[in-house]
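Fair warning: this is a prediction, and the values are worked out from it, not measured in the lab. The basis for the numbers below is simple: all heavy atoms, side chains too, and nothing from hydrogens, waters or symmetry mates.
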Amino acid sequence: MQADADAAALFTRTRLAGHQVCAAVSGGKDSTAMSLWLTEQGIEHSRVFADTGWEAPETYAYLDILRDKLGPIETVRNEKSWAEARDGEGGMLTLIRRKQMFPSRTRRFCTEQLKWVPLKAHMFRLAEDKPVINAIGIRAAESQARSMLEEWEWNDDFDCWTWRPLISWSEQDVIDIHTRNGVAPNPLYLRGAGRVGCYPCIYARKSEIAALPQAVVDRLSPLEHELTADAVARGVARPERAFFHLHDPANHASGFMPIERVREWARSDRGGRQMLLLDAPSEPGCVRWGLCEHLPAERQEGDR
């Protein structure tokens, strides 16, 4: 077993030679664990965070804590989505207004525009000095789709190797390295969140929706009404616009539900298995490149 481990370590070192490692850090437990492990192994790496403008306040604050613990974390973003922003808005909200719709199961434009675009540009800038290896914190144990991913894979979009050093790790391994280095997890996990990327995410669990603060409702509700009114004025066949798309498998029905009603439902004992957020599709999509923590569909252009 030790011989196998030594051989694997030698293979990794050989592959890293002549390259610079860039670690994608989201404020989540796995990407944090990855940067901690790289540091423990003496592997120099830079860190990058793609700011969607749609993260929880706790996550932004946690990233500052990580900067003290891990070292510099460069923030990148799609500047166009801030240049066109209204006062106090940027990123996701600007993109939603431009598209006149919210992200959905089949149109995950948030990931492409707010993560893929700025991260690709960042990797290309780095590659001007030295070839890049993009390290991401993906674990096989998290899902069936992730269990089929390899530790090393060429990324045509970023024109570099993707490396998943934690692919065989367990959740306990992740907890252990946090503990060993005296790094507390993102506080959202301690409140029961299963994921911390994007706040909220269209695939948030019922318990996560129930925990959404009033500020999130106050931000989304007027936008839902605004986009619906605009769709009605344009004569769209299905004008309802809401952030969450719920689905009732018992009655073979689905539809959009305003944020106020979604949170009311989430805080009740109604629903259970009869009212679930639409399941994420099985295709790996952007999870393959570590851009988000759910399983999105392929990038799609255009509005509806």
Side-chain angles (χ1 to χ4, degrees), residues 1-2 4-5 8-9 12 21 23-41 43 45 47-50 55-56 58-63 65-67 69-70 73 111 115 134-153 162-211 273 276-277 279-296:
M1 293 293 292
Q2 184 59 48
D4 290 342
T12 297
V21 177
V25 175
S26 65
K29 63 184 186 303
D30 293 339
S31 63
T32 300
M34 178 183 65
S35 185
L36 289 170
W37 181 81
L38 291 172
T39 300
E40 286 187 348
Q41 300 300 307
I43 298 173
H45 60 288
R47 305 166 194 85
V48 61
F49 163 68
E55 310 301 322
E58 292 87 346
T59 296
Y60 287 116
Y62 184 67
L63 285 164
I65 294 173
L66 291 183
R67 289 183 173 94
K69 296 285 187 177
L70 303 175
I73 301 174
T111 296
K115 293 187 177 183
N134 180 25
I136 59 174
I138 294 294
R139 294 187 299 109
E142 291 184 289
S143 71
Q144 181 179 2
R146 295 185 182 193
S147 70
M148 296 185 290
L149 299 178
E150 301 291 337
E151 181 177 350
W152 291 90
E153 183 177 4
T162 290
W163 179 31
R164 306 179 182 95
L166 307 191
I167 193 67
S168 63
W169 282 38
S170 67
E171 186 173 38
Q172 189 60 51
D173 292 329
V174 171
I175 294 170
D176 288 346
I177 200 168
H178 278 74
T179 303
R180 186 162 68 243
N181 287 274
V183 177
N186 187 313
L188 292 177
Y189 289 122
L190 305 181
R191 300 179 196 171
R195 61 183 305 281
V196 301
C198 293
Y199 191 76
C201 172
I202 59 173
Y203 290 114
R205 298 184 304 183
K206 184 176 180 181
S207 59
E208 293 169 337
I209 298 173
R273 294 185 180 276
L276 301 172
L277 289 173
D279 292 333
S282 59
E283 293 299 319
C286 71
V287 73
R288 177 178 297 276
W289 312 125
L291 301 184
C292 54
E293 298 175 21
H294 54 74
L295 304 179

Do Arg195 and Leu188 come close enough that some side-chain heavy atom pair is under 4.5 Å?
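Counting from C-beta outward, Arg195 and Leu188 never come under 4.5 Å.
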Side chain of [X], backbone of [Y]: donor and acceptor closer than 3.5 Å?
| X | Y | answer |
| --- | --- | --- |
| Lys29 | Val196 | no |
| Glu151 | Pro165 | no |
| Glu208 | Pro200 | no |
| Tyr62 | Gly28 | no |

Output all residues satisfying side chain to side chain donor-acceptor pair (under 3.5 Å) with [X], sequence neighbours left out; order by chain, then residue number.
| X | value |
| --- | --- |
| Ser31 | Ser26 |
| Glu150 | none |
| Glu142 | Arg146 |

For Glu153, is there an ion pair with Arg164 - N to carboxylate O distance below 4.0 angstrom?
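Between Glu153 and Arg164 there is a salt bridge, with a charged N closer than 4.0 Å to a carboxylate O.
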Enter the distance from [X]:[atom1] to [Y]:[atom2] here, rounded to the nearest 0.5 Å.
| X | Y | atom1 | atom2 | answer |
| --- | --- | --- | --- | --- |
| Glu58 | Leu63 | CD | CG | 12.0 Å |
| Leu66 | Ser35 | CG | OG | 8.0 Å |
| Arg67 | Ile65 | CZ | CD1 | 11.0 Å |

Using every non-hydrogen atom in the two residues, find where [X] and [Y] come nearest and quote the distance to one decimal.
| X | Y | value |
| --- | --- | --- |
| Tyr199 | Ala211 | OH-O, 4.2 Å |
| Asp30 | Gly137 | CB-O, 3.3 Å |
| Phe49 | Glu55 | CZ-CG, 3.9 Å |
| Met34 | Ala24 | CE-O, 3.8 Å |
| Gly27 | Asn186 | O-ND2, 3.2 Å |
| Arg205 | Ala193 | NH2-C, 3.7 Å |

Below 30° counts as parallel, above 60° as perpendicular, anything between as tilted: where do the rings of Trp152 and Trp163 land?
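Ring orientation of Trp152 relative to Trp163: parallel.
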Listed by chain and number, what are the side-chain contact (heavy atoms from CB on, under 4.5 Å) partners of [X], not counting sequence neighbours?
| X | value |
| --- | --- |
| Asn181 | Leu36, Glu40, Ile177, Val183 |
| Thr179 | Ile175 |
| Ala141 | Arg139 |

Are a donor atom and an acceptor atom from the side chains of Thr32 and His178 found within less than 3.5 Å of each other?
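No, because no side-chain N or O of Thr32 sits under 3.5 Å from a partner of the opposite role on His178.
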